[in-house]
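This one's a predicted model, so the numbers in the text were calculated from it and none came from an experiment. Numbers for residues simply follow the sequence, beginning at 1.
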Amino acid sequence: MEQSSSREIETTENHQEMEEKIYVAVGKEVRESKSTLLWALKNSRGRKICLLHIHVPAQMIPIMGGKFPASQCKDEEVTAYRDLERQKMVKSLKEYLLLCAQVGVRVEKMEIEMDNIERGIVELIARHDIKWLVMGASADKHYWKKMAMLRSKKAIFVCKQAQVSCHIWFVCKGCLILTREVSTGGTEATPPEVVVRETTEADESGGSSMRSLSEGREELARLANPVKNSFRRVQSDNFDTRGAVVTTSSSIDRWEATRTKPSQVSGFTIWSLCEEVEPSVSNQLMRYPGNENGLLLPRGHESDVDSSDCSPQNEPVERRITEEMYDQLQHAMAETEDSKREAFEESTRRRKAERHAIDAMRQAKASERLYATEMKQRKDMEDILAKESLGLNEMKNEQDDVVKELQTAQEQLSSLECKLNDSERIGQELEDKIASAMNQLKTLKRERDDMQLERDEVFREADNFRKRREEEKTVSKSPEFFCEFSFIEIEEATQKLNASLLIGEGGYGCVYKGFLHNTEVAIKMLHATNLQGHSEFQQEVDVLSKVRHPNIVTLVGACPEAWALVYEYLPNGSLEDRLTCKDNTPPLLWQTRIQIATEICSALIYLHTKNPHSIIHGDLKPANVLLDANFVSKLGDFGICRLIPRGESPSGSSTPFCRTHPKGTLVYMDPEFLGTGQLTAKSDVYSFGIVLLRLLTGRPAMGLVKEVEYALDNGNLSDVLDESAGNWPFVQAKQLAQLALSCCRMHRRSRPDLESEVMKVLEPLKDSSRASTSSSWMGDEEQSQGPPSYFLCPILQQVMRDPQVAADGFTYEAGALKEWLDGGNETSPMTNLKLTHLNLVPNHSLRSAIQEWQQQR
């Protein structure tokens, strides 16, 4: 019983402490809630402060410059970003605590995670029975001097939905905007800076005392009526014809003594009581100033009084009246004192009863909370017990299964023992055989070691011989094949950067077609505003001026004054343009695509094995692969390439690498390079795998690896092949797809080597494609005799690059026929008849035949 009483007392104290605590709602931005917290600290009046924060998890996750719903993102990305937000929330709360510590106040904090801030505040008010709350009425930037209403939707929601027992101050920019007071009665303490008139126990006791005093006054008035009548009789009997009153000095002295005796009745003197009972008595009678015997006269008749008119015969009557009045007054005073004492005792008993009632209510609330807690604990224990019972039943079932399995195992054990005896016998026989085999193995190992030593020695000598040859080549190397042009020559070659000669444009600059020294060239003008243009310009000059390979674009020269690079002109543009059939150009055949893949691989092998530094391209994609007139591919754009010394890497690993900031096109970049910043030769292998998939399917690079993997796994590779390339041989297409996917593996160690693995697959594919081309519509004799007549333009008598059909039915080179028509001719060059129209139609079939013939040559 004592324990339950102490628990109730402790619960009551905790509840009182909760009621005396002021909660301050703060947001994640300290600068927005700082003024609200400072106002609460200033007006707390000694109460404890507790910070209240509602954390709302982000529903939009920022990824790669954009924001996506959390349901569409990966769980680890959502978890990582929300953990970062929680760290920011903890940091903000620490700033609030530091702000309070600077003003010398220790505060507590309470946070909760919900999807809605205002509903979280209302739930915390109900859950913890919060009595005092300070929160913002609006953002500080919306504050104005005459602001008298709530501007924030959160504040309006909390004001309407919060429990009525919670007193809320709404503050904006350090000013109290609105106060929501408690709507229920009770003994709540007066809030700071808010005057609230409430009924207290002292007021109730005072009211009962005033009621008792009023009743006493009514009793005195009732008892004073005979006194008033007696005065009237005395006044009527003792006035003479002039209106004078005759009294003896002794009776007047007794009356005067009675009149001037200040007896206290409930806080009022006798005189004040008499005036309240009958004001006319005190108004009609007054003391005459010149009468030493204390004669009382009516007001207005003082001048008519004569001392000789006073007669002692009225003294017994006055004495009797005075004594009766005095007795009545004494009796009334005694009754008034009794009434006052009874009223005081009644108010004391009532106050004690109310105090006991309040204590009982608090204890009842504490008991209810304790009962709810115990019921919750009981429910939790029942749930735990149910789970334990369920687990026990499962364990029993598992035990039965184990017993059955044990019986089965014992049966199998007996049969295995029999087999073991047989196996021991066989094992003995095998041991004898193994012993003889081991002797032979040792002999073979000895011979193998000797052969390995001989092989290593041969390899060592071969490496030394190769290094000596490379050093000799380096020493005897001729000067760089490189010319430097002036800006005037560049302007003359491009006709002052004429827009009609513009053949390409990108983020790096513009490419113009021009003529330098009677040679057709391509001139790339880098943007002068590009901060990295100078470094990329110098990088490309340093690399391309020192390398020569049939599948690497030739750098003719450069103009440092204009940041211009001069290349050999490749009329068929880039591989990207041909894959997308830009300008209605015919698609590339699958034989040509295999040839291009082989040539790109050959160029990469040359760059990776160059001495003394390997060259990593770093930006391999179809847009940087150019095609000449015979569709021979040449690798270009070495602006962001890197030189890596051959041999051991700086970190001591076996794979040389260069640590640099990732640059290039994202979909073609090595994922491991993006994560670590280490650029290796295997980074170009990954980009080469994406290029192979582009050649195979003709589709965009985004998500292409997953599409091809899915098609291979389901046996639907033909669905993703580019139909415009012709009829792909299924076996060759599958080999090319598998090779491309192996190059696109996530880890660089799993990717194949270009020289020893990739080229061994591409070379047979290239040979088989040539064989299929030689067995096409054109025979071997026709190949040795030159181009067919219908491949030649009737005007230029040269093999056509862009055959177009005119209105006369003949096929011409597009450029030659346009010059014929632009010259004012409206007739056919072959028949000299007027053309019915001037429209031209591309001859795709003839162009494909010309391309096949050129590839065979």
Next on the checklist: Run Ile690 and Val667 through side-chain contact (heavy atoms from CB on, under 4.5 Å) and show every step you take.
Outcome noted: CA-CA 8 Å; Ile690 301 296; Val667 292; 5.9 Å; no

Checklist entry - Hey, mind stepping through Arg748 and Thr680 against side-chain contact (heavy atoms from CB on, under 4.5 Å) and telling me if it holds? => result CA-CA 9 Å; Arg748 62 166 66 107; Thr680 67; 3.4 Å; yes

Checklist entry - Where do Val758 and Asp753 land on the side-chain contact (heavy atoms from CB on, under 4.5 Å) test, with the steps shown first? => result CA-CA 6 Å; Val758 178; Asp753 182 71; over 6 Å; no

Item to check | Asp670 vs Lys682, side-chain contact (heavy atoms from CB on, under 4.5 Å): CA-CA, chis, key distance, verdict | outcome: CA-CA 8 Å; Asp670 179 12; Lys682 292 298 181 71; 5.5 Å; no

Item to check | Worked verdict on Lys634 versus Glu568 for salt bridge (Lys or Arg N to Asp or Glu O under 4.0 Å) | outcome: CA-CA 10 Å; Lys634 293 180 181 289; Glu568 62 174 323; 3.8 Å; yes

Item to check | Residue pair Asp542, Gln538: steps toward the side chain to side chain donor-acceptor pair (under 3.5 Å) verdict | outcome: CA-CA 6 Å; Asp542 293 341; Gln538 192 63 39; 3.1 Å; yes

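Ring pair Phe537/Trp563 is parallel by interplanar angle, where below 30° counts as parallel and above 60° as perpendicular.
At distances below 3.5 Å, not a single donor-acceptor pair connects side-chain atoms of Gln59 with backbone N or O atoms of Pro69. Looking at Arg642, its side chain never comes within 3.5 Å of a backbone N or O of Gly618 through a donor-acceptor pair. In terms of modelled atom types and a separation under 3.5 Å, the side chain of Ser683 and the main chain of Leu679 share no donor-acceptor contact. One N or O on the side chain of Glu599 and one on the backbone of Ser633 form a donor-acceptor pair closer than 3.5 Å. No donor-acceptor distance shorter than 3.5 angstrom exists from the side chain of Ser602 to the backbone of Thr598, with no hydrogens or angles considered. Listed for the Gln735 side chain is no donor-acceptor partner under 3.5 Å among the backbone atoms of Val761.
Atoms SG and CE, on Cys73 and Met60 in that order, are 8.0 Å from each other to the nearest 0.5 Å. Going from atom CD1 of Ile616 over to atom CD1 of Ile640 covers 12.0 Å, rounded to the nearest 0.5 Å. Put simply, CZ on Arg699 and CG on Leu721 are 9.0 Å apart, with the number rounded to the nearest 0.5 Å. Between atom CG of residue Leu589 and atom CG of residue Asp722 there is a gap of 10.5 Å, rounded to the nearest 0.5 Å. For the atom pair Tyr569 OH and Tyr512 OH, the distance stands at 15.0 Å (nearest 0.5 Å). The distance from the NZ atom of Lys513 to the OG atom of Ser500 is 10.5 Å, given to the nearest 0.5 Å.
When Lys621, Lys582, Arg694 are each tested for a salt bridge (Lys or Arg N to Asp or Glu O under 4.0 Å) with Glu576, only one passes: Arg694. When each of Phe638, Tyr686, Tyr668 is tested with His617 by the rule ring-ring contact (aromatic ring centres under 6.0 Å, His included), just one qualifies, namely Phe638.
Around CG of Asn714, the count of heavy atoms belonging to other residues, nucleotides or ligands within 6.0 Å exceeds 12. Within 6.0 Å of atom CZ in Arg82, more than 12 heavy atoms from other residues, nucleotides or ligands are found, so the atom counts as buried in its surroundings. Applying the 6.0 Å contact sphere to CG of Asn727 captures no more than 12 heavy atoms from other residues, nucleotides or ligands. Other residues, nucleotides and ligands contribute more than 12 heavy atoms inside 6.0 Å of the NE2 atom of His837. A 6.0 Å sphere centred on CG of Asp713 holds more than 12 heavy atoms belonging to other residues, nucleotides or ligands. Surrounding CZ of Arg119 are at most 12 heavy atoms belonging to other residues, nucleotides or ligands under 6.0 Å away. Atom CD of Glu723 has 12 or fewer neighbouring heavy atoms from other residues, nucleotides or ligands inside a 6.0 Å radius.
Using a 4.5 Å heavy-atom cutoff, the side chains of Glu491 and Leu497 are not in contact. Looking at heavy atoms from C-beta onward, Leu579 lies in side-chain contact with Leu695 at the 4.5 angstrom threshold. Taking the side chain as every heavy atom from C-beta outward, Lys28 and Met89 never approach each other to under 4.5 Å. The side-chain heavy atoms of Ser574 and Asn624, taken from C-beta on, include no pair separated by under 4.5 Å. In this structure the side chain of Glu484 never reaches within 4.5 angstrom of the side chain of Cys559, judged on heavy atoms. Under the 4.5 Å side-chain criterion, counting only non-hydrogen atoms from C-beta, Leu604 is in contact with Phe688. In this structure, Glu763 and Met759 have side chains that are in contact, with non-hydrogen atoms separated by less than 4.5 Å. Side-chain contact between Leu635 and Leu607 is present, with at least one heavy-atom pair separated by less than 4.5 Å.
Here the closest non-hydrogen pair linking Gln851 and Pro587 is OE1-O, 4.2 Å. For the residue pair Gln854 and Ala629, the shortest heavy atom distance occurs at OE1-O, 3.4 Å. Here the closest non-hydrogen pair linking Ala597 and Leu762 is O-CD1, 3.9 Å.
For the pair Lys524 and Glu540, the salt-bridge criterion is met [side-chain N within less than 4.0 Å of a carboxylate O].
The ring-ring contact (aromatic ring centres under 6.0 Å, His included) pairs that include a residue from residues 591-610 are His549-Tyr606, where partners are two or more places apart or lie in different chains.
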